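Below: the structure, in structure tokens.
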2 protein chains.
Amino acid sequence: MYNVTHRGDTMSTIKDVAKLAHVSVATVSRVINQKGYVNIETRQLVLDAIEKLNYVPNELARSLFQKKSRIIAVMLPHLTAYYFAELLEYIETYTIDQNYRLMVCNSQDDPEKESKYLRIFDQYNIDGIILISNTHRIDDYKKLGIPIVEIDHKLGEDIPSIQSNNYQGGKLAANKLVSIGCRKIIHLRGPSDLVIVRERSNGFNSVLKENNIINFSYDLDFRAPSPTDIANVVKSNPDCDGIFCDSDYIAILAIQALKSSGRRIPEDVSVIGFDDIEIASVLTPKLTTISQPRKLISEYAVNALIKLINKEKLDPFHRNVDVKLIERDTTK
Amino acid sequence: MYNVTHRGDTMSTIKDVAKLAHVSVATVSRVINQKGYVNIETRQLVLDAIEKLNYVPNELARSLFQKKSRIIAVMLPHLTAYYFAELLEYIETYTIDQNYRLMVCNSQDDPEKESKYLRIFDQYNIDGIILISNTHRIDDYKKLGIPIVEIDHKLGEDIPSIQSNNYQGGKLAANKLVSIGCRKIIHLRGPSDLVIVRERSNGFNSVLKENNIINFSYDLDFRAPSPTDIANVVKSNPDCDGIFCDSDYIAILAIQALKSSGRRIPEDVSVIGFDDIEIASVLTPKLTTISQPRKLISEYAVNALIKLINKEKLDPFHRNVDVKLIERDTTK
DNA sequence: TTTATTTATGTAAATAGTTACATAAACACT
DNA sequence: AGTGTTTATGTAACTATTTACATAAATAAA
């Protein structure tokens, strides 16, 4: 009989409850989990004891035995971009609503950091992962044997995913620009090694090709698109009359560049963004953009993941959700 | 001897390592934790076994015994505001750097949800809390007996805190506006029941009073400041020549309103924001603003919390950090 | 009345680690 | 040689829970 100095000697355990209710810990456990037979009067005694001691079961001990932690991990490339921040906000909400907790894992697109987190998932018996990752280490994830739902990517057939219909997004933007008479069109896109970017490009270009319009694409970094690069593109294309940007942030930079080149929006040039971030509807001119259903994506991801955790079948294993063109003041 | 069907029967335990290395689990534990005596050759045997089995210690079992989880919780009012998103990004970085994990708790200013999380903290043996909360349930937090560091608030003397020097921020803004000749000044502030808002107000007003300038304040919601309210304020004060806003987002709305009222910035009206969000330096006109040292605040909060967890003394128990006026194009 | 089933509860093993204590060998110092 | 310290390792108790199994009473069926 020895003693280690611990904090929180105030916290009561299932033993304390058992003692106070004059029953065994097994009975208390049965009451808590509503499993097995418990006499209705005994049940009340236990509930009273729980109430009196302000007892909450220790989730760690439970997790250890059950090999489940009721913790979901969400891996994101970063947190400050509005798109990700809003996804996270929704994901947290749905997660806690379903009585799970959320561990944030900010990969910062750093494979090193992502690997570090992969080990942690095992160490904590993480129940499931919501994955938004640009590094393609899908095998490492599979090896974990933990349910995964991917957002924005579809790296394999056997891992369920949800993503915006980026091809459709590209088409919507191109159709709009073409329909309002744009003929010299630029696509300021994200890094073209990302599937989502290529899909947008494909959709966009398919429409332009149909209309015999040549498209110029410029790759930019999503996290820190270079304002000077954008300004240069704008300056060296003085006859450009339509720009499709892969993010609203890029669109805002493009608009700045156009303005300082003396070009009017939308009279001279129409601009379409992507994402529909909060500020887009508030700036002058208000930004026309392709809106992704972030709420729907988050909700689906969390629910699908919990289904997987509960070993339920997932009906559409991969989902492609419609995007929407929000017309505001940067298109004629 | 019975068996419950579990997932991950592939994962090896300390027993497997012990068996493979032909030692006891205690010796393996000593090697892992670098505690107590272990022969250098035995040590190598154990390390080889760990390597071979790809063993990672289960953090839950460890946590259960030690009553520590190496999990830090961060409670925020919401996640989509740039200021909070960036704090979270930094906090996550410093947390994982110090070998802790992060649980995000998005209170959404909902006391109900915050209470729900409070129970969870006990259930998971959360080691510490970084707290940004507008609901004043400090007693509930104290009862937990878990180390806490507060950001942006100082609800009690006995809970360490860090916050921007909001009083100084208010003064800096007022001094700037006064020095460039503004005489009819409006303060578009946050909800004045928040201490940070009152402190900014106090600093701001102290300077105005010195200069015999009357100040008009309008309270706005931080999360969803009403554009029409702002437009009304602007319209009903056609002689206003300076506006101090409690957030950059409010400033952007104010600028839109001023523009559509035909007022030029900064020629007719100077505008100063607060926060220095990413987009502020990129818009036209580029926003003059008060910048809070978010990186420093996050770093300090995490380090201070870990000191508390390790029962080290905290030297300045409360910290007030300097803010900075970033002059750009919305002030003369 | 005897047997089978349902209800109720307790005992103890199990989860995966850490560590106090026991034990013993190796080493140093009288 | 005898004693004390350092080094090395193992045994088993301990963390807070769940649950398989044992046991027994109550109830139902034969």
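What you are looking at is a predicted structure, and each value in this text was computed from that prediction instead of being measured. In what follows, chains are A, B, ... by sequence order, proteins preceding strands, each numbered from 1.
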Residues two or more places apart in sequence or in another chain: which of them pass salt bridge (charged side-chain N to carboxylate O under 4.0 Å, His left out) with A:Lys307? none

OH of A:Tyr124 versus P of C:dG17: gap in Å, rounded? 13 Å

Bend angle of the helix from C:dT1-D:dA30 to C:dT30-D:dA1 from five-pair axes at both ends, rounded to 10°? 50°

Residue met sooner reading DNA chain D from 5', once B:Leu64 and B:Ile40 are mapped to nucleotides: B:Ile40

Which ones in residues 54-61 of chain B lie close to DNA chain C, meaning a heavy atom under 4.0 Å from one of its atoms? B:Tyr55, B:Val56, B:Pro57, B:Asn58, B:Ala61

Sequence neighbours excluded - salt bridge (charged side-chain N to carboxylate O under 4.0 Å, His left out) pairs with any residue from residues 96-108 of chain B: none

A:Met11 CE to D:dA16 C1': how many Å, rounded? 10 Å

C:dG17 C1' sits how many Å from A:Arg62 CZ, rounded? 20 Å

Distance, rounded to the nearest Å, where A:Arg43 contributes CZ and C:dT9 contributes P: 12 Å

Work out which heavy atom in B:Leu64 is nearest to a heavy atom in A:Ala61; give both atom names and the distance. CD1-CB, 3.7 Å

Between A:Asp127 and A:Ile72, is there a donor-acceptor pair closer than 3.5 Å when you use the side chain of the first and the backbone of the second? no

Any protein N or O atoms within reach of nucleotides 5-7 of chain D? Criterion: under 3.5 Å, listing atom names and distances.
residue	atom	partner	partner atom	Å
D:dT7	OP2	B:Tyr37	OH	2.7

For residues 147-160 of chain A, run the donor-acceptor check on the side chains, cut-off 3.5 Å, and write out each pair with its distance to 0.1 Å, sequence neighbours left out.
residue	atom	partner	partner atom	Å
A:Glu150	OE1	A:Leu155	N	3.1
A:Asp152	OD1	A:Tyr83	OH	3.0
A:Asp152	OD2	A:Tyr83	OH	3.0
A:His153	NE2	A:Ser133	O	3.4
A:His153	NE2	A:Asn134	OD1	3.0
A:Lys154	NZ	A:Glu157	OE2	3.3
A:Glu157	OE1	A:His318	NE2	3.4
A:Asp158	OD2	A:Lys142	NZ	3.3

In whole angstroms, how far is the P atom of D:dC14 from the NZ atom of B:Lys68? 21 Å

Residues which pass salt bridge (charged side-chain N to carboxylate O under 4.0 Å, His left out) with B:Arg319, listed by chain and number, not counting sequence neighbours: none

Could you tell me the separation between the CD atom of B:Gln34 and the C1' atom of D:dA8, rounded to a whole number of Å? 17 Å

Taking B:Arg137 first and then B:Asp140, would you say they form a salt bridge - that is, a charged N and a carboxylate O separated by under 4.0 Å? yes

Think A:Lys67 has a side-chain N or O under 4.0 angstrom from the OP1 or OP2 of D:dT18? no

Looking across every strand, which nucleic acid part, if any, lies under 4.0 Å from B:Ser63 by heavy atom: base, sugar-phosphate, or nothing? nothing

State whether the side chain of B:Asp122 and the backbone N or O of B:Arg119 hold a donor-acceptor pair below 3.5 Å, judged by distance alone. no

Taken in chain and number order and not counting sequence neighbours, the residues that satisfy salt bridge (charged side-chain N to carboxylate O under 4.0 Å, His left out) with B:Lys68 are none

Provide a list of protein-nucleic acid N or O atom pairs under 3.5 angstrom, restricted to nucleotides 22-29 of chain D.
none

Would you indicate, yes or no, if C:dT19 has its OP1 or OP2 atom less than 4.0 angstrom from a side-chain nitrogen or oxygen of B:Gln66? yes

A:Thr42, nearest nucleotide to its side chain (from D:dT15, D:dT17, C:dA8): C:dA8

Those residues that, when tested against B:Arg70, pass salt bridge (charged side-chain N to carboxylate O under 4.0 Å, His left out) (two or more places apart): none

Out of C:dG17, D:dA16, C:dT19, minimum distance to the side chain of B:Lys35 belongs to C:dT19

Examine C:dG17: is either OP1 or OP2 under 4.0 Å from a nitrogen or oxygen in the side chain of B:Ser29? Give yes or no. no

May I have the step-by-step check of side chain to side chain contact (heavy atoms under 4.5 Å, CB included) for A:Gln98 and A:Leu305, ending in yes or no? CA-CA 11 Å; A:Gln98 305 245 29; A:Leu305 185 60; over 6 Å; no

Checking side chain to side chain contact (heavy atoms under 4.5 Å, CB included) for the pair A:Lys113/B:Thr93: CA distance, chi angles, key distance, verdict? CA-CA 10 Å; A:Lys113 205 174 164 197; B:Thr93 303; 4.2 Å; yes

Report, one line per pair, each donor and acceptor closer than 3.5 Å where one atom sits in a side chain of residues 35-55 of chain A; sequence neighbours left out.
residue	atom	partner	partner atom	Å
A:Asn39	OD1	A:Glu41	N	2.7
A:Gln44	NE2	A:Asp48	OD1	3.0

Rounded to whole Å, please give me the gap between CZ in B:Arg70 and P in C:dT18. 12 Å

Within residues 13-28 of chain B, which residues have any heavy atom lying less than 4.0 Å from an atom of DNA chain C? B:Thr13, B:Ile14, B:Ala26

Would you say that A:His78 contacts A:Phe84 through its side chain, given a criterion of any heavy-atom pair below 4.5 Å between the two side chains? yes

Can a donor-acceptor pair be found, under 3.5 Å and without considering hydrogens, that links the side chain of A:Gln292 to the backbone of A:Ser164? no

Between the side chain of A:Ser29 and the main-chain N/O of A:Val25, is any donor-acceptor distance below 3.5 Å? no

Please state whether the rings of B:Tyr141 and B:Phe121 are parallel, tilted or perpendicular, taking 30° and 60° as the class boundaries. tilted

Whole-Å distance, A:Asn33 CG to D:dA16 C1', equals 13 Å

